[in-house]
*Asks:* 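Before I ask anything, here is the structure I am working with.
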There are 2 protein chains.
Amino acid sequence: MEFHQLRYVCAIAETGSFSRAAERCQIAQPSLSQQVLKLEEDLGTKLFDRLGRSVRLTEAGRAFIPHARSILEQIETARSSVADKNMDVRGSVSVGAIPTIAPYLMPRFTAAFAKKYPDAKLRIVEETTPVLVESLRDLSLDLAILALPLRHKDLELFPIRTEPLFAVVPKDHPYAGAESLALRDLRGEPFVMLRDGHCFRDLSIAACTHARITPNIAFESAQFSSLLGMVTAGVGISLVPEMAIDRNAGCRYVRISDPRATRTIVAAILRGRSFNRVQTAFLAGIRN
Amino acid sequence: MEFHQLRYVCAIAETGSFSRAAERCQIAQPSLSQQVLKLEEDLGTKLFDRLGRSVRLTEAGRAFIPHARSILEQIETARSSVADKNMDVRGSVSVGAIPTIAPYLMPRFTAAFAKKYPDAKLRIVEETTPVLVESLRDLSLDLAILALPLRHKDLELFPIRTEPLFAVVPKDHPYAGAESLALRDLRGEPFVMLRDGHCFRDLSIAACTHARITPNIAFESAQFSSLLGMVTAGVGISLVPEMAIDRNAGCRYVRISDPRATRTIVAAILRGRSFNRVQTAFLAGIRN
DNA sequence: TTGAGAGTATAGGCATTGCCTATGGAATTT
DNA sequence: AAATTCCATAGGCAATGCCTATACTCTCAA
């Protein structure tokens with residue numbers, strides 16, 4: 001039994017003629033005749049009586065045709081359900097972002113995205129890189145906004161942006177009015193930094209090590225805003241990515257001139273994943 | 001979209017692996033892989049994510065699989081419904097018989113048939129040959145028990161029995177004690193016969209004509225029993241087929257020795273008709 | 001009664017399809 | 001690091017579905 005055979009027998013049942021059914025199905029009449037014969041052999045019974053020049057359903061045929069019609073209808077329903085799912089703007093997307101990106105990138109972007117896809121279901125989580133990578137792997141997250149470097153071959157990465165690092169200094173700091181400075185200029189300064197586990201801390205230390213300075217870490221925290229408060233209080237200076245600049249705080253931001261003092265933000269997905277319309281739109285949107 | 005593709009994707013959904021699905025479907029894994037790819041191209045979306053060495057349904061796949069399962073189930077239901085109909089002992093059969101056969105053949109046979117097929121639905125009608133032939137043609141009858149000669153190419157005939165003709169004479173007739181007689185011996189005798197429209201009348205007259213006698217028809221009726229009454233009363237003699245012999249009547253039956261003085265009874269169906277189990281059984285039964 | 005027309009069935013040919021085996025590529029396990 | 005496992009690709013081939021041509025039968029009109 002094949003689908004085209006079902007289409008042919010239904011066409012015969014509707015038109016009352018092999019020839020007209022063949023026209024409707026856009027095949028030659030002998031081809032249709034052969035396929036009907038084949039189906040009848042497969043089922044072990046005649047579906048049509050050939051009475052001279054007219055054709056009539058047999059009892060078995062009358063029993064069969066409603067099933068055949070239903071199957072063909074369900075094929076269309078199956079196609080539609082897949083097409084709908086594929087184009088559904090009511091889909092969901094789960095996105096993770098690391099804490100040094102989430103508060104600066106996600107609010108504005110997700111507000112704009114929700115406006116564009118009002119029926120989409122967004123789920124945003126803020127976690128560290130290892131946690132987010134694991135969630136991508138177990139498929140509880142569709143997308144993660146991370147920072148390089150990453151060494152996961154099973155992830156497919158889409159660059160979003162590369163931003164310079166800035167030194168945050170107290171208002172009365174000698175470098176407060178400088179247009180830029182080199183990392184080596186910060187040798188001997190006390191630092192306030194994110195604690196272990198944050199990839200930005202690793203990035204900062206890597207940049208310092210490359211500039212041959214060993215940062216004296218006077219204070220650690222889990223969020224930039226705490227760090228900024230400490231800088232304002234004169235406890236020490238810090239490094240932040242450009243997106244974390246807060247113009248209203250009592251600090252000054254000075255661009256780091258070292259060419260390697262940058263952070264590349266990426267969107268990461270698990271390699272091999274297929275996405276629905278909403279997920280695809282989110283990924284496309286956040287890259288622009 | 002083809003049935004085998006649906007079988008393959010359902011097997012993957014159930015086993016979680018292309019390789020195990022291929023085993024279950026008894027085809028090589030590359031063949032299954034290609035068919036899944038073809039279905040995905042046809043639908044325009046991925047049904048499965050290939051994640052390293054594991055496979056997982058996509059959203060579109062999760063939407064599709066229930067439909068695919070339902071379609072495959074319905075295919076089996078369709079097959080079953082046809083097979084059931086083909087083997088159903090509760091089917092119906094409509095049979096016609098001409099008046100010179102019906103009262104002698106149908107009662108005993110239909111009683112035996114009803115005992116053998118208690119759930120079958122029998123419908124028996126008694127009509128003349130032209131009416132029965134027309135009913136076969138418009139499909140209101142499945143089978144007709146008729147007598148030769150017939151000249152209908154659209155009918156398929158199955159011989160039941162050939163029986164000799166008998167002369168019916170009064171008890172005190174000179175031939176009453178004869179073992180047999182030739183038709184020519186009846187020249188000059190008055191006849192009582194069935195009226196026009198009955199094929200047995202045509203048969204009788206044809207036999208007489210062939211024997212070179214012109215029967216003097218003193219009385220006509222529509223049934224043998226009336227004819228028998230007239231013979232008993234001495235109004236004339238008659239011809240009857242063997243099956244119409246009534247041993248309890250006040251007449252004597254003498255076999256006609258002319259070799260052409262016979263009647264062949266046949267079961268007739270419309271050429272090209274397919275039959276259900278009950279109709280097939282009836283036809284087979286009445287031929288034995 | 002005869003010939004034309006209409007409809008289904010058969011025959012043979014051919015492009016396409018579904019399956020095969022062999023093997024490549026990548027991930028996972030030992 | 002090597003072996004194993006799983007899916008994907010490649011090339012070959014038998015089976016299939018369609019084609020055209022035509023046979024056969026029935027119906028209709030002259």
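Naming: A, B, ... by sequence-line order, numbering from 1 per chain. Just the heavy atoms: all of them, side chains too, but no hydrogens, waters or symmetry mates, feed the values below.
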*Asks:* Any non-hydrogen side-chain atom of B/S92 less than 4.5 Å from a side-chain atom of B/R123?
*Replies:*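 Contact flag for B/S92/B/R123 side chains = no.
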*Asks:* Does A/I269 reach the side chain of A/F275, with side-chain heavy atoms less than 4.5 Å apart?
*Replies:*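 Yes, close enough: below the 4.5 Å cut-off.
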*Asks:* Looking at residues 27-42 of chain B, who's got a heavy atom less than 4.0 Å off DNA chain D?
*Replies:*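 Contacts with DNA chain D under 4.0 Å: B/Q29, B/P30, B/S33, B/Q34, B/L37.
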*Asks:* For A/E2 and C/dT16, what is the distance between atoms CD and C1' respectively, to the nearest whole Å?
*Replies:*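 Going from A/E2 (CD) to C/dT16 (C1'), I get 14 Å.
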*Asks:* Round to the nearest Å and state the distance from A/F3 atom CZ to C/dT17 atom P.
*Replies:*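 Atom CZ in A/F3 sits about 17 Å away from atom P in C/dT17.
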*Asks:* Are OP1 or OP2 of C/dC19 and a side-chain N or O of B/Y8 less than 4.0 angstrom apart?
*Replies:*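 For B/Y8, the contact criterion (side-chain N or O under 4.0 Å from OP1 or OP2 of C/dC19) is met.
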*Asks:* On the nucleotide D/dA8, are OP1 or OP2 found under 4.0 Å from the side-chain N or O atoms that B/R50 carries?
*Replies:*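 Indeed, a polar side-chain atom of B/R50 lies that close.
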*Asks:* Should the heavy atoms of other residues, nucleotides or ligands under 6.0 Å from CZ of B/R287 be counted, would the total exceed 12?
*Replies:*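 Yes.
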*Asks:* Within a strict 4.5 Å, meaning less than it, do heavy atoms of the A/E2 and A/D42 side chains meet?
*Replies:*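 Side chain of A/E2 against side chain of A/D42, heavy atoms only: no contact under 4.5 Å found.
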*Asks:* How close or far is atom P of C/dA6 from atom CD of A/E23, stated in whole angstroms?
*Replies:*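 So the two atoms are 12 Å apart, to the nearest Å.
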*Asks:* Do A/D88 and A/R277 have side-chain heavy atoms sitting under 4.5 Å apart?
*Replies:*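 A/D88 does not reach A/R277 side chain to side chain.
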*Asks:* Is the shortest heavy-atom distance from the side chain of B/L148 to the side chain of B/L157 under 4.5 Å?
*Replies:*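 They are in side-chain contact.
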*Asks:* Give, ordered by number, those residues of residues 9-20 of chain A having at least one heavy-atom distance below 4.0 Å to an atom of DNA chain D; if nothing qualifies, reply none.
*Replies:*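 Residues of residues 9-20 of chain A that come under 4.0 Å of DNA chain D do not exist, since none gets that close.
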*Asks:* I'd like to know if the side chain of B/D49 reaches the main chain of B/R56, judged simply by a donor and an acceptor atom lying under 3.5 Å from each other, with no hydrogens or angles considered.
*Replies:*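 Here the side-chain-to-backbone pair does not exist.
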*Asks:* Any carboxylate oxygen within less than 4.0 angstrom of a Lys/Arg side-chain nitrogen, looking at A/E14 and A/R69?
*Replies:*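 The answer is yes: the pair qualifies as a salt bridge.
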*Asks:* If you define the side chain from C-beta out and look only at heavy atoms, does anything of A/L39 sit under 4.5 Å from A/L47?
*Replies:*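 Yes, their side chains come closer than 4.5 Å.
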*Asks:* Using atom CZ of A/R7 as one end and atom C1' of D/dC18 as the other, report the distance to the nearest whole Å.
*Replies:*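 These atoms are roughly 13 Å apart.
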*Asks:* Nearest whole angstrom, please: distance from the C1' of D/dC19 to the NE2 of A/H4.
*Replies:*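 Between C1' of D/dC19 and NE2 of A/H4: 14 Å.
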*Asks:* Over how many whole Å does the gap from A/R56 atom CZ to C/dG7 atom C1' extend?
*Replies:*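 For the pair A/R56 CZ and C/dG7 C1', the rounded distance is 17 Å.
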*Asks:* Which nucleotides of nucleotides 24-30 of chain D have their base under 4.0 Å from a protein heavy atom (B), which only their sugar-phosphate (S), and which neither (-), written as one string 5' to 3'?
*Replies:* --BB---
*Asks:* Please state how far atom CG in A/L270 lies from atom C1' in C/dA26, giving the value in whole angstrom units.
*Replies:*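 The answer, rounded to whole Å, is 14 Å.
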*Asks:* For a quick check under 3.5 Å, do B/T45 and B/E40 share a side-chain donor-acceptor pair by atom type?
*Replies:*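 No.
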*Asks:* Does A/V9 reach the side chain of A/V36, with side-chain heavy atoms less than 4.5 Å apart?
*Replies:*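 Yes, side chains in contact.
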